[in-house]
Peer 1: 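My questions will all concern the structure given below.
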There are 2 protein chains.
Amino acid sequence: MNGRGEPAVESDGQRLRRATELLGKKWHPVLIRTLLAEGALGFNELKRHIDGISDKVLSEALEELQDAGLVVRDVVEDKPVRVNYSLTPAGEALEPVIEGLVTWSREHLSETD
Amino acid sequence: MNGRGEPAVESDGQRLRRATELLGKKWHPVLIRTLLAEGALGFNELKRHIDGISDKVLSEALEELQDAGLVVRDVVEDKPVRVNYSLTPAGEALEPVIEGLVTWSREHLSETD
DNA sequence: CAGTATCCAAATAGATACTG
DNA sequence: CAGTATCTATTTGGATACTG
């Protein structure tokens with residue numbers, strides 16, 4: 001099936017691009033790493049962990065991570081409402097990849113750029 | 001030493017950011033992956049492997065990868081001159097990380113975005 | 001507490017044409 | 001073959017103020 005030369009399934013190259021595009025966003029890696037280390041956190045809690053991020057940018061980043069299926073948003077109906085953010089299994093599965101990046105960076109990226 | 005709270009060495013967070021910033025550039029991962037698979041390649045050769053990249057963008061990307069210490073440029077004095085690009089050990093050390101990303105993407109990133 | 005709305009600046013990428 | 005020069009478009013990130 002599929003008459004012309006178009007690949008029937010997504011290529012590794014495309015997959016790699018989508019993964020690096022996602023992790024290349026300025027705040028995504030540190031957000032994921034924080035949730036890996038701390039478990040579920042509320043919006044402002046997360047914000048305090050990150051340092052330097054604005055409400056708007058945090059809000060956008062969390063939306064993107066939800067859309068990608070890495071983070072779940074859980075609304076706890078209290079007064080005032082509380083919203084918890086935590087990783088999905090897909091998000092948790094990034095742990096070895098992220099640690100690989102940290103290790104690679106430590107061993108091969110000069111500190112003086 | 002170092003009186004105030006500034007970290008004496010770069011934190012893992014900063015390292016992670018520098019690594020993902022580098023790999024988050026649109027063409028860097030596929031460039032690295034191509035050089036991993038093919039070894040040394042000339043400018044136009046590399047360009048043919050990539051598909052869709054312009055001279056300018058390829059040229060800039062290669063410069064950035066050299067500056068980061070992942071790629072070496074080797075000028076062969078022929079007529080016409082030939083310039084080979086290949087990976088440094090630091091570049092080659094990315095192989096498992098990149099394969100980890102591909103695998104993670106295949107297993108956890110939905111194809112329908 | 002958990003966000004939105006605006007407006008703005010900078011970084012990134014691409015098209016196209018030209019050079020030694 | 002191996003690039004550089006321009007100009008433009010798009011994407012991303014940030015400051016600030018406001019809302020339920």
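Just so it is clear, the structure is predicted and the values come from calculations on it, not from any experiment. Within every chain, numbering begins at 1; the chains are lettered A, B, ... in the order of the sequence lines, protein sequences first and strands thereafter. Only heavy atoms go into these numbers, but all of them, side chains included; no hydrogens, no water, no symmetry mates.
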Peer 1: Taking all heavy atoms of Ala61(B) and all of Leu31(B), pick out the closest pair and write down the distance.
Peer 2: CB-CD2, 3.7 Å
Peer 1: For Lys25(A) and dT10(D), give me the distance from atom NZ to atom C1', rounded to whole Å.
Peer 2: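 Result: 13 Å.
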Peer 1: Quick one: on DNA chain D, does Gly24(A) or Pro80(A) contact a more 5' nucleotide (nearest heavy atom)?
Peer 2: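 Here Gly24(A) is the residue nearer the 5' end.
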Peer 1: Rounded to whole angstrom units, what separation is found between the CG atom of Asp55(B) and the P atom of dA13(C)?
Peer 2: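 The distance from CG of Asp55(B) to P of dA13(C) comes to 16 Å, rounded to the nearest Å.
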Peer 1: Does Val76(A) belong to the same Ile/Leu/Val/Met/Phe/Trp/Tyr cluster as Val72(A), with side-chain heavy atoms less than 4.5 Å apart forming each link?
Peer 2: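 No, no single cluster joins them.
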Peer 1: Which nucleotide wins on minimum distance to the side chain of Asn44(B), given the candidates dT12(D), dA2(D), dG14(D)?
Peer 2: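 Looking only at side-chain atoms, Asn44(B) lies closest to dA2(D).
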Peer 1: Is there a side-chain contact between Ser59(A) and the phosphate of dT4(C), meaning an N or O under 4.0 Å from OP1 or OP2?
Peer 2: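 Answer yes for this pair, as a side-chain N or O of Ser59(A) is under 4.0 Å from OP1 or OP2.
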Peer 1: OP1 or OP2 of dG14(D) less than 4.0 angstrom from a side-chain nitrogen or oxygen of Lys26(A), does that happen here?
Peer 2: yes
Peer 1: Rounded to the nearest angstrom, tell me the gap between atom CD1 in Ile50(B) and atom C1' in dA2(D).
Peer 2: 16 Å
Peer 1: Suppose we define a pair by two distances each less than 3.5 Å, Watson-Crick or G-U wobble; what does dG20(C) pair with here?
Peer 2: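 Looking at the geometry, dG20(C) pairs with dC1(D).
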Peer 1: Return the value, rounded to whole Å, for the distance between atom NZ of Lys79(B) and atom P of dG20(C).
Peer 2: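 After rounding, the gap between these two atoms is 14 Å.
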Peer 1: Do you know the tightest heavy-atom contact between Leu16(A) and Val30(B)?
Peer 2: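 Looking at all heavy atoms of both residues, the shortest contact is CD2-N, 4.5 Å.
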Peer 1: Among dG14(C), dG3(D), dG14(D), which nucleotide has an atom closest to any side-chain atom of Arg73(B)?
Peer 2: dG3(D)
Peer 1: May I ask you to say what Lys56(B) touches in the nucleic acid, namely base, sugar-phosphate or nothing, with a heavy-atom cut-off under 4.0 Å?
Peer 2: base
Peer 1: So, OP1 or OP2 of dG3(D): does either fall under 4.0 Å of a side-chain N or O from Arg82(B)?
Peer 2: no
Peer 1: Looking at Arg17(A) and Glu10(A), is there a salt bridge between them, counting it only when a charged N and a carboxylate O are closer than 4.0 Å?
Peer 2: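 Arg17(A) and Glu10(A): not salt-bridged.
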Peer 1: Under 4.0 Å: is that the gap between some side-chain N or O of Tyr85(B) and OP1 or OP2 of dC1(D)?
Peer 2: no
Peer 1: Does a nitrogen or oxygen in the side chain of Trp27(A) sit under 4.0 Å from OP1 or OP2 of dG14(D)?
Peer 2: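 So the side-chain polar atoms of Trp27(A) do come within 4.0 Å of the phosphate oxygens OP1 or OP2 of dG14(D), strictly under.
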